[in-house]
Trainee: 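Could you have a look at this structure, given as structure tokens, before my questions?
Chain letters run A, B, ... following the sequence lines, proteins first and then strands; every chain starts at 1. Keep in mind that the numbers below use all heavy atoms, side chains included, and drop hydrogens, waters and symmetry copies.
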Protein chains: 2
Amino acid sequence: MSQSAPSTGPRRAPTMADVAQRAGVSHQTVSRVLSNHPNVRDTTRADVLRAIEELGYRRNSSARALVTRRTLTLGVVACNPTLFGPASMLFGLEEAARDEGFMVSAVTLRRYSAKALSEAIDHLSDWGVEGIVVIVPHRAAVAALADLRLPFPVVTVEGGHSLPIPGVSVDQDLGARLVTGHLLGAGHRTVWHVAGPSDWLEAEARVRGWRSTLEDAGVEVPPPLVGDWTPLSGYRAGQELAGRVAASGARRRSPDVTAVFVANDQMALGVLRAFREAGLSVPGQVAIAGFDDIPEAEFFAPPLTTVRQDFAAVGQASIRLLLSRLEASGMPNDERVVIEPRLIVRSSSTPA
Amino acid sequence: MSQSAPSTGPRRAPTMADVAQRAGVSHQTVSRVLSNHPNVRDTTRADVLRAIEELGYRRNSSARALVTRRTLTLGVVACNPTLFGPASMLFGLEEAARDEGFMVSAVTLRRYSAKALSEAIDHLSDWGVEGIVVIVPHRAAVAALADLRLPFPVVTVEGGHSLPIPGVSVDQDLGARLVTGHLLGAGHRTVWHVAGPSDWLEAEARVRGWRSTLEDAGVEVPPPLVGDWTPLSGYRAGQELAGRVAASGARRRSPDVTAVFVANDQMALGVLRAFREAGLSVPGQVAIAGFDDIPEAEFFAPPLTTVRQDFAAVGQASIRLLLSRLEASGMPNDERVVIEPRLIVRSSSTPA
DNA sequence: GACGTTATTGTTAGCGTTCACAGATATCGG
DNA sequence: CCGATATCTGTGAACGCTAACAATAACGTC
């Protein structure tokens with residue numbers, strides 16, 4: 001008769017009632033202790049805390065969320081989270097959220113597509129997030145976002161300011177002006193540009209800043225080359241540019257290549273390699289500048305002049321914005337935070 | 001008489017009962033439709049789905065979690081999530097988890113400390129995760145983990161295999177052997193090493209692999225230098241090594257520096273810069289190899305020989321392991337997954 | 001046409017909290 | 001020592017869902 005005694009089966013986590021019983025109070029008192037309600041006698045509080053300790057009790061978050069209608073969870077959708085920028089934002093954002101008592105759940109997108117984005121948001125939504133931060137700086141993505149009617153607030157990061165969605169962004173335009181101005185100031189006749197993919201808002205803004213700086217200075221605007229943020233694409237663009245330098249003695253239909261502003265540091269690395277292979281000296285024959293200030297940039301050959309973005313600040317600002325939306329959900333919907341980037345001059349742009 | 005009519009106040013999200021009423025069925029039937037129960041008449045199912053659509057109904061995850069005792073959420077604790085490696089793992093892991101129907105919530109640590117780790121785990125625990133993946137490759141961290149008695153399964157990544165905690169890791173030892181062997185095979189008398197921080201398990205394993213390869217080959221083992229994974233620390237180590245090269249003609253108490261295995265690519269970048277500044281040619285006078293194969297490595301000056309780790313595979317494996325723990329929580333607790341790294345030879349180690 | 005099956009639907013009872021309120025106990029001035 | 005007020009504690013009812021069971025309808029068989 002192998003009588004399966006109830007024994008010490010996989011006993012379930014203790015509940016508030018268990019704690020209450022052990023402490024000789026009602027479950028409500030336990031709840032009060034846990035939520036720091038003032039009207040609990042000190043001795044009672046101590047009893048309860050001891051019982052909690054002894055039982056290893058932890059409040060059940062689902063039950064709590066059910067009744068309070070708060071999950072204290074925020075969602076993030078991010079696009080290329082292995083890149084330095086997005087990763088840094090994610091990090092800063094998570095830290096800020098945690099400080100405010102929120103948990104963050106992330107969904108990452110391998111590549112942007114309207115479908116992927118909306119699935120990501122659905123996924124987050126299914127888990128009951130109270131709001132989300134979208135770090136998907138595609139023009140199309142932001143447009144798609146505006147169409148969705150979501151039951152919770154959304155904040156974009158680098159989402160541009162053309163739509164009535166609150167957002168945080170670095171002033172890319174300014175950053176591009178800083179670099180371009182710096183290069184012009186060093187005496188170059190004009191500045192070439194290797195841009196990011198044209199459907200990225202950041203790429204577009206950097207092109208804009210670059211172009212308008214040149215126009216304001218009244219110098220010729222060379223045709224921008226286009227990459228995809230990867231070192232390889234920068235390398236290809238670099239080969240193209242190196243070819244122009246070589247040919248410049250012969251037929252010169254476009255201005256000499258003596259300065260290049262590359263839209264991010266990774267591509268700038270590719271450009272550097274291409275130039276090196278072509279026997280061009282940097283900054284001797286051509287000055288180069290990048291954008292982002294990844295930790296490696298300072299150690300490139302030569303160290304790269306670039307624009308530093310305070311990604312951590314972006315993450316924090318986005319959380320602040322999201323939380324303010326959460327609290328005042330009826331308020332105007334177009335708050336914007338713009339963070340100023342900073343030019344970091346290194347030797348890739350300054351003739352020794 | 002400003003009679004505050006109930007009007008269209010901030011009306012709450014529709015509930016299952018609302019859907020049921022609208023579709024003319026019981027809430028249980030709605031539940032059945034939502035969970036794809038087979039025994040629902042097609043017409044009924046259609047009615048329910050239409051009602052769901054019209055009301056924009058979404059199942060309340062908290063209520064669901066409360067009754068099913070499943071939050072379908074996993075936690076991750078990661079340490080330096082802006083670095084390429086950790087970020088890649090996080091990404092791969094999140095994707096794998098999502099494919100399995102789980103959400104992942106992350107907590108990031110600025111720097112490891114026993115306190116920070118246990119707080120991070122508490123935080124996750126408070127939100128009801130069903131299990132966690134810990135990507136904190138510190139010796140002390142893993143030890144601390146083993147002490148914690150947690151009510152849910154834990155899987156480590158790069159946590160070493162000295163403790164009875166299931167984990168996934170790349171075979172760092174093998175990776176180090178591959179590089180070191182490669183350099184010896186190229187004819188170098190010995191191989192110097194710039195190691196990572198000594199309290200990192202990965203750093204330790206790489207030292208081990210490096211050292212044993214040299215010992216097996218019967219060559220002298222130079223004293224390893226130590227960095228902290230950053231390019232700057234690599235730069236400093238590089239200066240030190242460059243000094244030795246210069247002095248090697250004079251007093252030679254340690255073997256010539258003709259080959260260096262640097263414990264990660266970022267530090268290798270710093271070493272490259274130091275050598276460049278010292279006028280040393282790579283690979284002409286000194287061959288260099290790194291570890292990680294970050295996307296930039298191929299475009300370093302010169303392109304860097306390194307060891308590629310399949311971070312995505314690590315992420316996926318860790319999720320698989322965690323889920324298997326979840327299902328069979330009574331089973332043995334020491335499953336291990338080891339992923340083999342791959343040597344990537346580039347010109348930093350191959351004399352042209 | 002009665003009966004056993006099976007497909008389909010409804011009813012009831014929790015899951016573990018918090019909230020609103022009621023009850024109990026202490027404190028205090030007159 | 002009484003009633004009033006403040007402090008503390010308990011009771012019952014949600015929250016929105018799923019699990020278990022009960023009930024009904026549909027279908028074929030003999």
Trainee: Identify which nucleotide among C/dG10, D/dC17, D/dT9 has an atom closest to any side-chain atom of B/Arg64, counting heavy atoms from C-beta outward.
Mentor: D/dC17

Trainee: Which whole-number value in Å describes the distance from A/Gln28 CD to C/dC21 P?
Mentor: 13 Å

Trainee: Hey, is the side chain of A/Ser31 poking within less than 4.0 Å of OP1 or OP2 on C/dT18, counting only N and O atoms?
Mentor: yes

Trainee: Remember a base hit wins even if backbone is also touched, and classify B/Ser26 as base, sugar-phosphate or nothing at under 4.0 Å, heavy atoms.
Mentor: base

Trainee: For the base of C/dG10, is there a side-chain donor-acceptor partner from B/Arg32 under 3.5 Å away?
Mentor: yes

Trainee: What is the separation between atom CG on A/Leu72 and atom C1' on C/dT17, rounded to the nearest whole Å?
Mentor: 14 Å

Trainee: If only side-chain N and O atoms of A/Arg41 are considered, is one of them under 4.0 Å from the OP1 or OP2 phosphate oxygen of D/dT9?
Mentor: yes

Trainee: When you match B/Met16 and A/Asp42 each to their closest nucleotide on DNA chain D, which lands nearer the 5' end?
Mentor: A/Asp42

Trainee: A/Asp47 has an atom CG; how far is it from atom C1' of D/dC8, in whole Å?
Mentor: 14 Å

Trainee: Indicate whether the side chain of B/Glu94 and that of A/Thr108 have a donor and an acceptor atom separated by less than 3.5 Å.
Mentor: yes

Trainee: From C-beta outward on A/Tyr57, which listed nucleotide comes closest to its side chain: C/dT17, C/dT8, D/dG10?
Mentor: C/dT17

Trainee: Are A/Ser62 and C/dT17 close enough that a side-chain N or O sits under 4.0 Å from OP1 or OP2?
Mentor: no

Trainee: Nearest 0.5 Å please: distance from the CZ atom of B/Arg110 over to the OG1 atom of B/Thr82.
Mentor: 9.5 Å

Trainee: Look at all strands and tell whether A/Thr44 reaches a base, only sugar-phosphate, or nothing, counting heavy atoms closer than 4.0 Å.
Mentor: sugar-phosphate

Trainee: Specify the separation, in whole Å, of atom CG of B/Leu66 and atom C1' of D/dA14.
Mentor: 13 Å

Trainee: I need the B/Arg45 CZ to B/Asn39 CG distance, nearest 0.5 Å.
Mentor: 9.5 Å

Trainee: What nucleic acid atoms does A/Asn39 come within less than 4.0 Å of, heavy atoms only: base, sugar-phosphate, or nothing?
Mentor: base

Trainee: Think B/Thr29 has a side-chain N or O under 4.0 angstrom from the OP1 or OP2 of C/dG10?
Mentor: yes

Trainee: Taking any heavy-atom pair under 4.0 Å as a contact, classify B/Arg59: base, sugar-phosphate, or nothing.
Mentor: sugar-phosphate

Trainee: For a quick test of reading the model, state the closest non-hydrogen atom pair linking A/Arg325 to A/Pro166 and the distance between them.
Mentor: CD-CG, 3.5 Å

Trainee: Compare the minimum distances between each of D/dA20, C/dT9, C/dT18 and the side chain of A/His27, then state the nucleotide with the smallest one.
Mentor: C/dT18

Trainee: Confirm from the modelled atom types if B/Arg69 and C/dG16 form a donor-acceptor pair under 3.5 Å, side chain to base only.
Mentor: no

Trainee: Give a yes-or-no answer on whether the side chains of B/Thr73 and B/Ser105 include a donor-acceptor pair shorter than 3.5 Å.
Mentor: no

Trainee: Both B/Gly24 and B/Val67 contact DNA chain C. Taking the nearest nucleotide for each, which residue is further toward the 5' end?
Mentor: B/Gly24

Trainee: Starting at atom NE2 of B/His37, determine the distance to atom P of D/dC17, rounded to an integer number of angstrom.
Mentor: 18 Å

Trainee: Which distance, rounded to the nearest 0.5 Å, do you find between the OG1 of B/Thr15 and the CD of B/Gln21?
Mentor: 10.5 Å

Trainee: How long is the line joining CG of A/Asn60 and C1' of D/dC17, in whole Å?
Mentor: 13 Å

Trainee: Provide, to the nearest angstrom, the distance between the CZ atom belonging to B/Arg58 and the C1' atom belonging to D/dC15.
Mentor: 20 Å

Trainee: B/Ile52 CD1 to D/dC17 P: how many Å, rounded?
Mentor: 10 Å

